[in-house]
Structures are given as C-alpha cells and as structure tokens.
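Presented below is the structure to which this report refers.
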Amino acid sequence: MNNTSPYSASFTACGLQFNEFNLMLPMLLSEDRDALIDKEVNNNNILNINSHKSRYRVIVEYKKRVDAMPADFWSWYQTLDGQAQRIALLYVILKTYRIAFDFHVKATMRKWRSVVQTLAKPDLMMAFSEIAASDDFVDSWADTTKGKVASAYLTILRQVGMLDPFNAQLSPLKAQPQAYAYYLNHGEDWFLEACLLQSYEIEQIKSDLL
C-alpha cells in the first residue's frame with residue numbers, strides 16, 4: 001500500500017461549515033491558538049458539538065485549512081462579504097484536500113463542459129475509479145468510505161451554491177470582481193475556471209480589476 005499517498009478522507013469530518021468556521025477563525029489565527037483550541041474542545045462554547053471526539057476532529061480539519069494558506073490570504077478573507085467568503089472557502093478546501101481537487105477537475109469541471117451539466121454521486125464514483133487506478137491507498141478504501149467522501153464533497157458544493165440540491169444542476173460562482181482578486185494576484189487563475197466561469201467572464205473580471 002502507498003503510504004505516501006497525497007489523498008485523505010479526513011475532510012468528511014466537516015463540510016464547509018461556513019458560520020462555525022468564521023466564529024472559530026480568530027482563535028485559529030491567534031498566537032495562543034493551541035491553548036484557545038484546547039479550551040474550546042473541552043468547553044464547547046462555540047461549536048455546539050456534543051461529542052468531545054467530534055469537536056476535536058472538526059478542529060483538526062479547521063487547523064489544516066488555516067495552515068494550508070498564507071497569512072495574507074486570511075487577512076484578505078476577513079475583508080470579504082459572505083458570498084465571497086464562501087467562494088474563498090471552496091478554494092481553501094481544494095487547496096487542502098487533494099481528493100476534493102481531483103473530484104473538481106475530473107468530475108465537476110468535466111460535467112460543466114458537457115451537454116448535461118449536472119453532477120451526482122455516480123459521477124464521483126467514476127472519478128474515484130480513475131484516481132484509484134494510480135493510487136493504491138485510495139484503491140484500498142472501502143466502498144462505504146468512498147461513498148462518505150463523495151457525499152461530503154457534494155454537500156460542500158451545495159453549501160457554496162455551486163450545486164442545486166433538488167435537480168443536481170451545476171451553476172457558476174459569481175460575485176463582484178474583488179472576490180477574485182487574491183487568486184489573480186497570486187497566479188491562481190485556475191480557480192476562476194474552477195468557479196465554472198466562462199472565459200469571457202474571467203477576462204472581464206481581469207479588466208475590472210486593472
């Protein structure tokens with residue numbers, strides 16, 4: 001088994017969790033992070049998660065997401081409105097979890113460019129087969145684990161507004177040009193395509209930010 005695999009199923013511990021993550025963010029960015037987090041794990045003042053073990057797992061994933069991004073990203077993030085922050089959290093998740101990134105490229109973006117612009121669990125299971133063909137660790141995952149990972153990813157897309165919960169229709173993530181400034185300024189233009197924006201829309205955003 002390939003123990004150096006870049007893939008992990010750990011993001012099933014929590015979805016986008018927009019409100020909860022934002023409440024925890026000052027703590028996660030604090031110099032006293034470890035002490036503050038220990039207090040939250042023990043006292044449950046913010047997360048309102050009954051299980052001590054579940055609180056710990058969620059916070060571990062929050063820390064991964066914060067640590068995956070440089071400090072200037074979080075400074076910029078805190079200046080954004082709600083929709084732009086949701087878009088930014090999708091970016092963070094794609095940067096933090098290789099499995100989410102590959103789902104996005106191998107399933108979501110492919111379906112968006114196809115005739116039928118819907119996304120469902122079977123599409124992700126096909127992506128799983130493609131990933132597992134070159135990664136023994138993912139290939140070793142039980143079907144139940146793969147199902148949970150696929151469901152967690154779909155939930156995140158619904159929460160960010162990219163996937164309709166009723167008809168599974170994909171939609172682009174549109175916001176004011178400033179919502180995309182960080183990605184363009186840091187050479188992460190690919191993320192605008194990942195937001196399912198058309199080429200002419202991306203060029204217009206770039207023009208507006210000049």
Taking the side chain as everything from C-beta on, heavy atoms only, tell me whether [X] gets closer than 4.5 Å to [Y].
X    : Y    : answer
K106 : F128 : no
M109 : L196 : yes
Q83  : L173 : yes

- Item | Atom of S171, atom of G161 and distance for their closest heavy-atom approach |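 Nearest pair, atom of S171 first, then G161: CB-O, 4.3 Å.
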- For the side chain of D32 and the backbone of A35, is there at least one donor-acceptor N/O pair under 3.5 Å apart? no
Between [atom1] on residue [X] and [atom2] on residue [Y], distance to nearest 0.5 Å:
X    : Y    : atom1 : atom2 : value
L94  : D102 : CG    : CG    : 10.0 Å
R158 : D164 : CZ    : CG    : 9.5 Å
R55  : N50  : CZ    : CG    : 8.0 Å
Y153 : K121 : OH    : NZ    : 14.5 Å
Q78  : L25  : CD    : CG    : 5.0 Å
D34  : L28  : CG    : CG    : 10.5 Å

- What pairs of residues pass the ring-ring contact (aromatic ring centres under 6.0 Å, His included) test when at least one of them lies in residues 19-59, not counting sequence neighbours? F21-Y62, F21-W74
- Message: Any carboxylate oxygen within less than 4.0 angstrom of a Lys/Arg side-chain nitrogen, looking at D189 and K206?
- Response: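 Yes, D189 and K206 are salt-bridged.
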- Taking the six-membered ring where the residue is Trp, are the ring centres of F73 and Y91 under 6.0 Å apart?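 Yes - the distance between ring centres of F73 and Y91 falls below the 6.0 Å cut-off.
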- Query: Are there more than 12 heavy atoms of other residues, nucleotides or ligands under 6.0 Å from atom CD of Q176?
  - Reply: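 Atom CD in Q176 is not packed in, count stays at 12 or less.
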- Sorted by chain and residue number, the side-chain hydrogen bond (donor to acceptor under 3.5 Å, both in side chains) partners of Y183 (sequence neighbours excluded) come out as none
- Sort and list the pairs that fulfil salt bridge (charged side-chain N to carboxylate O under 4.0 Å, His left out) and have at least one residue in residues 59-81, not counting sequence neighbours.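 Sorted pair list: R33-D67, E61-K64.
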